[in-house]
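Counting starts at 1 for both ligands and their atoms, following the listed order. Bear in mind the structure is a predicted one, so any value in this text is a computation, not a measurement.
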Amino acid sequence: MNEWIVNSRQRCLERGMDPLKIPTPGLKLSAIQLLEEKDKYRDILVVTKYFSEKILSFLSGTPHLIVVSNDTGYLLDNYGDKTMKSMINQLGIKSGIKCDEEFMGTNVVALALQEQKPIQIIGAEHYHTMLENAACYCVPFHFTNYHNLSGAISIMTSVEHHNHTYLALLANMVDSIERELSLRLTNHNQNLIQQLVVDNMRNGIIMTDERGIITEFNAYAEKITGRNRLSVTGTPVFPFEHFGSYFYQALKYRKQCENIELTFRYSLDQENVCLFDVLPILNERGELLGAFAQFRDITERVILEKQIINSEKFSAIGKMAAGLAHEIRNPLTSIIGFFQLLQRSNDQQKFQNYVGLINIELQSMKQLVSDFVVMAKPSTPERRAIDMKELLKDTIRFMNSQAILKNTSITAIYDDELTIAMIDPSQIKQVLVNLLQNAIESIEKNGFIQLCTELDTDNQEFKIIIEDNGVGMTKEELDQILNPFFTTKENGVGLGLSICYRIIENHKGYMTATSRKGFGTRFEVTLPLV
Ligand code: ADP
Ligand code: MG
């Protein structure tokens, strides 16, 4: 007989226990306490039940009972066949009682917990003669990986079914339970983390299986679609108006989509803008498992962009208005001044003088206003077939007198292939005059201005290049030349290039400029041939 059993029987004897009496449990959990304790061991009990049922089904036909107890020996649950249960019940052994040595005598649960070893007590090894027909096996457990819970699992059967392998079977079962529990825990934790991440993302997540049935639909997806997770999980994703078709493509053709801009509108002034990605989920063998989609919220960015565009627009309008006011105030002040002089003057000669000066100022105001109108909304070009060489020669002739004043020459190199182009001659002439005018003004004296043309038959367009060796511009200046009223000249208005830009734009062409401070400037105007 095992020494622990011998010692236990000795202790029972010393306590004066009567081996012929029916052992009666002394301590018992109340119904509530039992419930609480069972709740603490809930997962262990679930897993144990699962394994127990398997074992019991192997052993069917023979009476066996599997009992789970907590760390202090209270029985929490038992599984087994009815006859075995009722027999044990008659002995008062049921869930809630404590299997301690003091009341129950020598028993496996108390000993296994006390010694922390697998213990078997067969038949007459029990202290009480009542139990001499029972064969009991018990293995203690301590799940450090699972809330540090400990306790014991036992099998009871009748002596004739005694089998040494039961202890090994129980030890195995405890191992399996431990593995299962720690897997469950890891899984549970992973699920918790995953759910936490998925739910708290500022991004929407929708996942489906390979048939397009929704399996995952996070909080953000609920928000943008206005649909409830529970109501859509398990239903097909395809009917969703905004993105159903993309899922279809991902699942049917394994097509991946990225950065699709979707706008979900809730009311007139409330909308969400998202970038949407969807991709098929494939396993390592390339088999389709489902689809994964995410929505990245860019509403704030879009709102911000709109605000910036608006504020830039307003500031451009504001600058233009300020510039116009400034330009008009100058001639207006002169006119008022001359007018006052005129009122006081009786001299016919002076009268004529002032009227003449007022007329000049009024003319310049008229020019300013018409420039401004062209700049703001130039009339649509009336395009005709124009001999470009003639037009350019004409313009240079017109500007030459000004250039000569600065001892500057304008030379031209014409691409002979460039003959006819469809343009509005007066508007393009205005562009060339403005550009040549700027070039001349950039030169103090003894300058050099060159005009070239280049035909690009491939693209059906041509270039007019005007280059000077004048004062040039800094990068900051160059960046501003298209702003209406930007000027570095004392008497400049700053509308010339804005007008050029508008006219060229209306011709579906474009203009670029490069410049180096102190070296000169080059403007390139590109226009379509037809
Ligand atoms: P304005 O000639 O009345 O100043 P523009 O719109 O024609 O107005 O030109 C704006 C500004 O661009 C000029 O004041 C000048 O600073 C710069 N600019 C334009 N063309 C040239 C050039 N060829 N060389 C140097 N600076 C230039
Ligand atoms: Mg100018």
Counting only heavy atoms closer than 4.0 Å, does ligand 1 sit against the backbone of Asn434, its side chain, both, or neither?
neither
Heavy atoms only, cut-off 4.0 Å: how does Thr488 contact ligand 1, side chain, backbone, both, or neither?
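Answer for Thr488: both.
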Of all the heavy atoms in Met473, does at least one lie under 4.0 Å from an atom in ligand 1?
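Distance cut 4.0 Å: Met473 passes for ligand 1.
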Test ring pair (Phe, Tyr, Trp, His ring centres under 6.0 Å), reference Tyr246, set Phe292, Phe238, Phe276, output is Phe276
Is a side-chain donor-acceptor pair under 3.5 Å present for [Y] with [X]?
{"X": "Asn148", "Y": "His142", "value": "yes"}
{"X": "Asn70", "Y": "Tyr41", "value": "no"}
{"X": "Gln437", "Y": "Glu441", "value": "yes"}

Ionic contact status for [Y] with [X], cut-off 4.0 Å:
{"X": "Lys517", "Y": "Glu477", "result": "yes"}
{"X": "Lys463", "Y": "Asp415", "result": "no"}
{"X": "Lys40", "Y": "Glu36", "result": "no"}
{"X": "Asp175", "Y": "Arg179", "result": "no"}

For Ile503, which of Ile423, Val431, Leu527 qualifies under side-chain contact (heavy atoms from CB on, under 4.5 Å)?
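Only match with Ile503 under side-chain contact (heavy atoms from CB on, under 4.5 Å): Val431.
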Of all the atoms in Asn438, is at least one N, O or S atom closer to the Mg ion (ligand 2) than 2.8 Å?
yes
How far is [atom] from the closest protein heavy atom, and which atom is that?
{"atom": "atom 20 (N) of ligand 1", "value": "Asn438 CB, 3.3 Å"}
{"atom": "atom 10 (C) of ligand 1", "value": "Phe486 O, 3.3 Å"}
{"atom": "atom 4 (O) of ligand 1", "value": "Thr487 OG1, 2.6 Å"}
{"atom": "atom 2 (O) of ligand 1", "value": "Lys489 NZ, 2.7 Å"}
{"atom": "atom 23 (N) of ligand 1", "value": "Asp468 OD2, 2.9 Å"}

Numbered atoms of ligand 1 (with element) below 4.0 Å of Gly492, judged on heavy atoms:
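The atoms of ligand 1 under 4.0 Å from a heavy atom of Gly492 are 3 (O).
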Identify which of Leu436, Ile481, Asn469 has a heavy atom lying nearest to atom 12 (O) of ligand 1.
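Of the listed residues, Ile481 has the closest heavy atom.
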Counting only heavy atoms, tell me which of Ser515, Gly494, Ala439, Ser498 gets closest to atom 3 (O) of ligand 1.
Gly494
Looking only at N/O atoms, are Val493 and ligand 1 under 3.5 Å apart anywhere?
yes
Leu497 N/O under 3.5 Å from ligand 1 N/O:
yes
